[in-house]
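Below: the structure, in structure tokens.
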Amino acid sequence: VFGKDINLILVLNNLSSDRKSVRVDMSASTILYTRRAVAEILKAATSVELGPKQGKHIRVKIPYTHYGKYLTTDKRIQVTALCEVMRTHGLKLLVEKTIILEDTNIIIKLPRRVVVNKAVSLEISYANPLPEPVSCCVLLVTLMNQQVKINLARLAPRERSKIYFEFTPRRVGPLQLQVDFSCDKFSHVKGFVTIAVAPA
């Protein structure tokens with residue numbers, strides 16, 4: 001989840017009946033959705049001794065403080081591990097994983113029934129998932145082809161807050177409400193919901 005430390009496990013298995021020495025070079029970078037690297041956030045190397053038919057786990061931790069300021073709006077991190085079996089004329093194995101961090105910031109609560117031409121109030125809650133305060137908070141609400149910009153107070157670390165948004169639907173049928181939350185530390189955290197508007 002965005003704002004938390006990332007914990008990974010690399011599993012190495014020796015399927016042969018011979019002892020193996022493996023060198024592991026690990027790296028991680030924040031990337032765009034096109035897989036283009038933005039910034040390297042981890043570089044580490046270790047060596048592992050594997051007995052016959054033995055498996056071992058290598059734990060990797062990427063703290064939020066290492067990746068937070070380099071993350072793009074795509075919220076993607078590419079992790080690679082180059083495993084080289086020593087004394088085997090350069091036998092290598094490359095393991096790659098793309099991590100997409102999830103947002104849990106926006107929660108939209110609707111009343112049980114929404115009726116045309118009758119005012120309705122929605123609860124929109126938003127959060128700062130980071131271990132540091134955020135300021136310049138803005139909520140952009142898009143509904144019925146109109147946008148409303150709401151300036152919000154700063155949020156303390158891990159703080160959740162909420163506002164109430166009132167509107168009057170003018171037609172029966174599905175309505176899409178989209179919420180976009182931005183601040184000085186991250187931007188474009190989105191939430192959306194489809195509202196079923198009933199006849200009066």
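For the single chain, residues carry numbers from 1 onward in sequence order.
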- Message: With a 4.5 Å cut-off on side-chain heavy atoms, are Glu84 and Leu82 touching?
- Response: no
- Message: Quick check: is Val79 connected to Tyr33 through a chain of hydrophobic side chains (ILVMFWY, heavy atoms under 4.5 Å apart)?
- Response: no
- Query: What distance do Lys162 atom NZ and Leu139 atom CG have between them, rounded to the nearest 0.5 Å?
  - Reply: 14.5 Å
- Ala81 and Leu10 have their tightest heavy-atom pair at CB-CD2, 3.9 Å
- Message: Is there a side-chain contact between Phe186 and Leu71 in this structure, where contact means two heavy atoms from C-beta onward sitting under 4.5 Å apart?
- Response: no
- Gap separating the NZ atom of Lys53 from the OG atom of Ser17, nearest 0.5 angstrom: 6.0 Å
- Query: Same cluster or not: are Phe192 and Ile107 linked, directly or through other Ile, Leu, Val, Met, Phe, Trp or Tyr residues, by side-chain heavy atoms under 4.5 angstrom apart?
  - Reply: no
- Taken to the nearest 0.5 Å, the spacing of Thr30 OG1 from Arg36 CZ works out to 10.0 Å
- Query: Backbone N or O of Gly51 within a donor-acceptor pair of the Asn14 side chain at under 3.5 Å?
  - Reply: yes
- Item | Side-chain heavy-atom pair Val24, Leu12 within 4.5 angstrom cut-off | yes
- Using a 4.5 Å cut-off on heavy atoms from C-beta on, say whether the side chain of Lys56 contacts that of Val22. no
- Query: Which value, rounded to the nearest 0.5 Å, describes the distance between Ile9 atom CD1 and His57 atom NE2?
  - Reply: 6.5 Å
- Minimum heavy-atom separation for Ser29 to Glu40, with atom names? OG-CA, 3.6 Å
- Item | Working for side-chain contact (heavy atoms from CB on, under 4.5 Å), residues Phe165 and Leu143 | CA-CA 11 Å; Phe165 181 77; Leu143 181 69; 4.2 Å; yes
- Query: If two hydrophobic side chains count as joined below 4.5 Å and joins carry through other members, does Val179 share a cluster with Val148?
  - Reply: yes
- Task: Could you give me the CA-CA distance, side-chain angles and deciding distance for Glu96 and Leu94, then say whether side-chain contact (heavy atoms from CB on, under 4.5 Å) is met?
- Result: CA-CA 7 Å; Glu96 286 189 326; Leu94 181 66; 4.3 Å; yes
- Between Leu8 and Ile99, does a side-chain contact (heavy atoms from CB on, under 4.5 Å) hold up when you go through it step by step? CA-CA 10 Å; Leu8 304 169; Ile99 300 164; 3.7 Å; yes
- Under the 3.5 angstrom rule, does the side chain of Ser121 hit a backbone N or O of Glu166 as a donor-acceptor pair? no
- Under 4.5 Å between side-chain heavy atoms, hopping through other hydrophobics if needed: is there a path connecting Ile150 to Leu177? yes
- Item | Heavy-atom pair with the smallest gap, counting every atom of Ser135 and Cys183 | O-CB, 3.4 Å
- Message: For the NZ atom of Lys20 and the CG atom of Leu91, what is their distance to the nearest 0.5 Å?
- Response: 7.5 Å
- Message: Looking at every non-hydrogen atom in both residues, tell me the closest pair between Ala156 and Asn128 and how far apart they are.
- Response: O-ND2, 3.0 Å
- Query: What pair of heavy atoms forms the shortest contact from Asn13 to Leu50, and how long is it?
  - Reply: C-CD1, 4.4 Å
- Side chain proximity check, Pro111 to Leu122, heavy atoms < 4.5 angstrom: yes
- Message: Run Arg76 and Thr98 through side-chain hydrogen bond (donor to acceptor under 3.5 Å, both in side chains) and show every step you take.
- Response: CA-CA 7 Å; Arg76 291 170 186 251; Thr98 301; over 6 Å; no
- Query: Under 4.5 Å between any side-chain heavy atoms of Arg171 and Val197, yes or no?
  - Reply: no
- Query: Can you tell if the side chain of Val114 reaches within under 4.5 Å of the side chain of Pro169, non-hydrogen atoms only?
  - Reply: yes
- Task: Report the C-alpha separation of Ile106 and Lys190 in whole Å, then their side-chain angles, then the decisive distance to 0.1 Å, and conclude whether the side-chain contact (heavy atoms from CB on, under 4.5 Å) test is met.
- Result: CA-CA 7 Å; Ile106 305 290; Lys190 297 181 187 293; over 6 Å; no
- Query: Should we count CZ of Arg35 as having more than 12 external heavy atoms under 6.0 Å?
  - Reply: no
- Geometric class of the Tyr126/Phe181 ring pair [parallel <30°, tilted 30-60°, perpendicular >60°]: tilted
- Is there side-chain contact between Met144 and Leu175, with at least one heavy-atom pair below 4.5 Å? yes
- Shortest non-hydrogen separation from Tyr67 to Ile41 and the atoms involved: CB-CD1, 3.5 Å
- Item | Inter-residue atom distance Asp180.CG - His188.NE2, 0.5 Å rounding | 6.0 Å
- Task: State plainly whether one hydrophobic cluster holds both Val134 and Val138, where clusters connect Ile, Leu, Val, Met, Phe, Trp and Tyr through side-chain heavy atoms under 4.5 angstrom apart.
- Result: no
